[in-house]
Number of protein chains: 2
Amino acid sequence: MATTDKASPRDRLLDAAAELFYRDGVSIGVEALCRSAGVSKRSMYQLFDSKDEVLAASLERRAPGYAARLMPGPDDAGTPRERILYVFEQAEKASAEPEYMGCPFLAAMVELKDPEHPASVVARAAKETLQEAFRVQAELGGAADPALLARQLMLVFDGASARAGAKLESLDGLTVETVRTLLDAAGVA
Amino acid sequence: MATTDKASPRDRLLDAAAELFYRDGVSIGVEALCRSAGVSKRSMYQLFDSKDEVLAASLERRAPGYAARLMPGPDDAGTPRERILYVFEQAEKASAEPEYMGCPFLAAMVELKDPEHPASVVARAAKETLQEAFRVQAELGGAADPALLARQLMLVFDGASARAGAKLESLDGLTVETVRTLLDAAGVA
DNA sequence: AAGCCTGTACACCGATCGGTTTCCTCTTGG
DNA sequence: CCAAGAGGAAACCGATCGGTGTACAGGCTT
């Protein structure tokens with residue numbers, strides 16, 4: 001049996017949504033989405049008000065696991081510098097898989113082009129969470145300007161995501177090397 | 001009269017396509033596109049084989065002007081460092097306009113999610129042109145690793161584009177400051 | 001066993017998709 | 001002055017869009 005057989009319709013729907021929206025883009029149809037999830041359209045529209053809400057919910061569901069995979073555990077040892085670099089090492093590791101298409105939250109926002117879209121709101125929150133984590137570590141690491149460094153790191157992170165999604169970059173150590181340079185310049189030991 | 005009144009149907013079509021695809025995304029319909037261009041669908045399909053070809057042609061048409069606005073003229077004075085920084089200064093200046101949504105070529109590739117799409121091929125070429133220009137200037141400027149620096153600059157450029165398109169960033173000197181740091185580290189005086 | 005709640009299956013809605021075709025009106029060259 | 005071609009308006013194609021309405025099947029509780 002498929003791995004999704006025992007899960008609730010809601011979970012099957014959100015899992016399928018996360019995968020299809022990521023792989024094929026937000027233009028994927030409700031019909032195809034429900035077929036892939038093994039859920040009837042009727043059930044989907046009883047669980048959610050609209051396709052947009054399904055997309056938003058699927059991103060929201062994805063957020064904690066996404067952060068957990070990128071960020072070292074809070075009790076893991078390591079200097080702030082190491083913790084920051086860890087994020088980019090993890091991202092580069094993920095980008096080795098051929099189905100990797102960059103940060104799903106960034107991709108959704110770029111595709112939607114509407115900052116007010118419910119999914120954009122969720123995605124923006126996820127990005128701000130990461131940026132704030134960077135800022136905290138930058139501050140702990142003694143960065144000259146923690147907020148600036150955090151924004152620079154997001155720039156590199158999202159640049160790598162966009163270019164990976166566009167199949168423009170292979171990311172063999174490029175972001176880690178760049179981040180090292182930025183950390184050095186900011187005085188993060 | 002509108003500025004497009006005297007132009008040929010082909011030019012009106014490509015101009016409207018560039019604007020609509022950029023502002024509303026590649027999912028914009030042929031109907032709306034033709035209406036906005038003041039061109040009949042019949043004419044469009046006599047000039048192009050498909051909507052995809054229109055998109056590719058509109059990007060191709062846009063490329064030279066885009067490069068010209070970003071890059072300093074070849075006879076402009078300036079050190080390689082200044083020439084590289086000029087690109088990011090121009091990009092930041094453009095991002096002040098509210099309708100700015102980042103690099104149209106990057107946005108198209110991210111939305112299409114298909115590296116083989118005719119428009120993706122055009123867009124990738126445009127990106128490679130910019131990267132090569134960076135590499136040349138990096139080499140002229142005595143960068144330790146010109147190819148690496150060029151890739152880093154693209155990372156920052158596309159990161160800024162993606163985040164501008166997603167309305168995540170205001171770009172008040174952020175990229176210029178970041179690029180300065182990278183140039184310093186690479187030894188580009 | 002009766003009633004109920006989930007959920008599926010499927011027809012259906014108007015709108016729009018990319019694309020084609022028909023018809024008609026202009027302009028322009030001979 | 002008339003023929004020919006270019007191009008616009010709009011009907012039309014099958015498919016799909018997001019979203020509903022209806023009917024039925026299986027598992028609960030009481």
Side-chain angles (χ1 to χ4, degrees), chain A residues 1-59 108 111-114 116-120 122, chain B residues 1-59 108 111-114 116-120 122:
Chain A
M1 60 171 122
T3 64
T4 51
D5 263 14
K6 286 282 288 187
S8 73
R10 183 170 198 276
D11 289 348
R12 274 182 285 151
L13 196 49
L14 291 182
D15 285 345
E19 183 190 336
L20 287 183
F21 283 134
Y22 182 56
R23 198 187 56 197
D24 300 328
V26 299
S27 297
I28 182 75
V30 171
E31 197 84 43
L33 170 58
C34 288
R35 197 183 322 125
S36 163
V39 169
S40 68
K41 281 170 74 174
R42 206 78 196 84
S43 298
M44 174 190 137
Y45 280 107
Q46 272 165 224
L47 292 165
F48 299 95
D49 287 343
S50 67
K51 175 195 170 186
D52 290 339
E53 297 295 336
V54 176
L55 172 55
S58 78
L59 288 186
E111 286 175 51
L112 292 172
K113 292 185 191 297
D114 175 12
E116 311 300 325
H117 190 291
S120 293
V122 173
Chain B
M1 59 172 126
T3 64
T4 50
D5 262 15
K6 286 281 289 185
S8 73
R10 184 172 197 275
D11 288 349
R12 275 182 286 152
L13 195 49
L14 292 182
D15 285 346
E19 182 191 337
L20 288 183
F21 283 134
Y22 182 56
R23 197 187 58 198
D24 301 329
V26 299
S27 297
I28 183 74
V30 171
E31 198 83 43
L33 170 58
C34 288
R35 196 183 324 123
S36 163
V39 169
S40 69
K41 284 170 72 174
R42 184 175 190 280
S43 298
M44 175 190 137
Y45 280 108
Q46 272 167 220
L47 292 165
F48 300 95
D49 287 345
S50 68
K51 175 194 170 188
D52 291 339
E53 297 295 336
V54 176
L55 173 55
S58 77
L59 288 185
E111 285 174 51
L112 292 172
K113 293 186 190 297
D114 175 12
E116 311 300 326
H117 190 291
S120 293
V122 173

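Every chain is numbered from 1 and lettered A, B, ... according to where its sequence line falls, protein lines coming before strand lines. Every heavy atom of this structure was used, including side-chain atoms; hydrogens, water molecules and symmetry mates were not.
- Bracketed by its first and final contacts, the part of DNA chain D lying under 4.0 Å from non-hydrogen atoms of chain A reaches from dC17(D) to dT22(D) in 5' to 3' order.
- Interface residues of residues 43-55 of chain B facing DNA chain C, ordered by number: Tyr45(B), Ser50(B), Lys51(B); criterion, heavy-atom separation under 4.0 Å.
- Looking at every heavy atom in both residues, Leu59(B) comes nearest to Ala108(B) through CD1-CB, 3.9 Å.
- Expressed to the nearest 0.5 Å, how far CG of Leu47(A) lies from CZ of Arg42(A) amounts to 11.0 Å.
- Ion pairing between a basic and an acidic side chain is recognised when a charged N comes within 4.0 Å of a carboxylate O; Arg23(A) and Glu19(A) show such pairing.
- Atoms CG (Leu13(A)) and P (dT6(C)) sit 16 Å apart, rounded to a whole Å.
- Within the 3.5 Å criterion, the main-chain N or O of Arg35(B) finds no donor-acceptor partner in the side chain of Lys41(B).
- With DNA chain C read from its 5' end, the first of the two nearest nucleotides for Ser27(B) and Val39(A) is the one closest to Val39(A).
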Exercise for the section: May I have the step-by-step check of side chain to side chain contact (heavy atoms under 4.5 Å, CB included) for Phe48(B) and Leu13(B), ending in yes or no? Expected result: CA-CA 10 Å; Phe48(B) 300 95; Leu13(B) 195 49; 3.9 Å; yes

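- Within the nucleic acid shown, Leu33(B) has no heavy atom closer than 4.0 Å to any nucleic acid atom.
- Rounding to whole angstrom units, NZ of residue Lys41(A) and C1' of dA11(C) are separated by 10 Å.
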Practice task
Please assess Lys113(A) against Glu111(B) for the test side chain to side chain contact (heavy atoms under 4.5 Å, CB included), listing each intermediate value before the final yes or no.
Solution key: CA-CA 10 Å; Lys113(A) 292 185 191 297; Glu111(B) 285 174 51; 2.7 Å; yes

Handout entry: Cys34(A) vs Val30(A), side chain to side chain contact (heavy atoms under 4.5 Å, CB included): CA-CA, chis, key distance, verdict
Key = CA-CA 6 Å; Cys34(A) 288; Val30(A) 171; 4.1 Å; yes

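- Side chain Arg42(B) to base dT21(C): no donor-acceptor pair is found below 3.5 Å.
- Here the shortest heavy-atom pairing between His117(A) and Leu55(A) reads CE1-CD2, 4.1 Å.
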